[in-house]
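Have a look at the structure below, then the notes.
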Amino acid sequence: MAFVAVAAVLAACAPGSDNKPAQPSAGEVRTDVAALGDVTLTIWDQETRPAQEAQITELNKQFQAKYPNIKINRVARSFDDLRSTIKLGLTANDAPDIAQVNNGKQDLGAFVKAGLVRPVDAYATAYKWTERFPESVRKLASYPDSGDVLGEGKLYGVPQTGELVGIWYNRAKLTELGLTPPKTWQEFDAALAKAKSAGQVALQIGNLERARARTCSPWPCTGSAPQPPNPNWPLARRTRTG
């Protein structure tokens, strides 16, 4: 489940109203953290598993050591608890300054539409997130004011985690089929079609953990049970399940 960090709108603004605070330009964003004076940041997250908890605790410790004027008031909740309480939290007088929000039209998109979160485009420019996160990644946290289209409009956060997914191919099988390794999605689709028409297993999802998995790719998402390795695939994809 994807999460993004979002900056909560000031509680003085009624959800869904047009009385939203003016958004700063990139030039108005103050990036000299040490010069901000004493600041307390309330942050809600769902990093409650042991390894995540240790990492976040250490990162917060290092950040506060570098910027002793910043105090982080961390509120950690389980995924289910955070998802069920975040809307109420964002409308409260003591709303968190930053929160992890389940990404998707039903959660973050709905909060955008209700005016409960603010865009962070100016911060992305000032802190050069546009250089650290490619457009394809930033789109995953972008919505128009209506909140009903993922991948368009303003930026409302940055991904909390990410991963690279690789595609392996069977050289002998591709040679047998008269194919070369595809370089574009169009070539990839064509290779799959040719392999399938030849009666081959065109694509296999790796699952070394042998756990139930849900895989999302350029094709529809499908739930799958553990499958044994197949040495006859022309193309295969290794993903982490979870």
Side-chain angles (χ1 to χ4, degrees), residues 1-37 39-47 56 59-60 63-64 66-67 69-77 82-83 86-87 89-162:
M1 191 71 70
F3 274 76
V4 294
V6 297
V9 172
L10 297 177
C13 298
S17 74
D18 292 330
N19 186 29
K20 299 176 182 178
Q23 301 306 313
S25 65
E28 295 173 323
V29 173
R30 299 172 63 185
T31 57
D32 186 354
V33 178
L36 295 177
V39 175
T40 297
L41 284 176
T42 298
I43 302 175
W44 288 19
D45 69 61
Q46 57 91 51
E47 309 302 326
I56 292 299
L59 287 172
N60 286 348
F63 183 86
Q64 291 175 103
K66 184 175 182 178
Y67 302 108
N69 58 311
I70 306 296
K71 176 183 178 182
I72 296 177
N73 175 31
R74 179 179 176 234
V75 179
R77 302 175 184 269
L82 181 61
R83 192 178 184 194
I86 187 61
K87 183 176 181 180
L90 292 177
T91 59
N93 290 330
D94 57 349
D97 300 292
I98 298 173
Q100 282 185 310
V101 173
N102 183 42
N103 195 12
K105 292 184 287 185
Q106 74 277 18
D107 289 297
L108 181 56
F111 298 153
V112 170
K113 182 178 180 179
L116 294 177
V117 293
R118 69 167 73 214
V120 292
D121 299 87
Y123 298 90
T125 300
Y127 284 98
K128 299 183 179 180
W129 297 346
T130 52
E131 298 178 10
R132 297 171 57 191
F133 297 92
E135 182 182 8
S136 59
V137 172
R138 300 197 308 275
K139 280 186 173 182
L140 297 177
S142 297
Y143 293 86
D145 292 342
S146 60
D148 58 356
V149 180
L150 174 62
E152 298 180 5
K154 302 168 185 172
L155 180 67
Y156 282 89
V158 291
Q160 178 254 352
T161 59

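All figures in this text were calculated on a predicted structure; none of them were measured in a lab.
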Indicate every side-chain donor-acceptor pair of residues 123-135 with a distance under 3.5 Å to a residue at least two apart or in another chain.
from, atom 1, to, atom 2, distance (Å)
T125, OG1, D121, O, 3.3
Y127, OH, R30, O, 3.3

Open item on the list: If I take atom CG from residue L41 and atom OH from residue Y67, how far apart are they, to the nearest 0.5 angstrom?
Closed with: 12.5 Å

Open item on the list: Working to the nearest 0.5 angstrom, can you tell me the gap between Q100 CD and N102 CG?
Closed with: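 Nearest 0.5 Å value for the CD-CG distance: 10.5 Å.
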
Shortest non-hydrogen contact from [X] to [Y]?
| X | Y | value |
| --- | --- | --- |
| Q46 | L82 | CB-CD2, 3.8 Å |
| A99 | I86 | CB-CD1, 3.6 Å |
| S142 | G153 | CB-O, 4.2 Å |

Task: Full working for side-chain contact (heavy atoms from CB on, under 4.5 Å) between N103 and Y143 - done: CA-CA 11 Å; N103 195 12; Y143 293 86; 2.7 Å; yes

- [ ] Given side-chain contact (heavy atoms from CB on, under 4.5 Å), test Y156 with V101 step by step and report yes or no.
- [x] CA-CA 10 Å; Y156 282 89; V101 173; over 6 Å; no

Task: Test log, rule side-chain contact (heavy atoms from CB on, under 4.5 Å), inputs T42 and D94 - done: CA-CA 9 Å; T42 298; D94 57 349; over 6 Å; no

- [ ] State whether D148 and K113 are salt-bridged, where the test is any N-O pair (Lys NZ or Arg NE/NH1/NH2 against Asp/Glu carboxylate O) under 4.0 Å.
- [x]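 Salt bridge flag = no for K113 with D148.
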
Open item on the list: Holding to salt bridge (charged side-chain N to carboxylate O under 4.0 Å, His left out), I want the full list of residues that pass it with K71, two or more places apart in sequence or in another chain.
Closed with: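 With sequence neighbours excluded, K71 shows a salt bridge (charged side-chain N to carboxylate O under 4.0 Å, His left out) to no residue whatsoever.
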
Task: side-chain contact (heavy atoms from CB on, under 4.5 Å) between I43 and D97, intermediate numbers included - done: CA-CA 6 Å; I43 302 175; D97 300 292; 5.7 Å; no

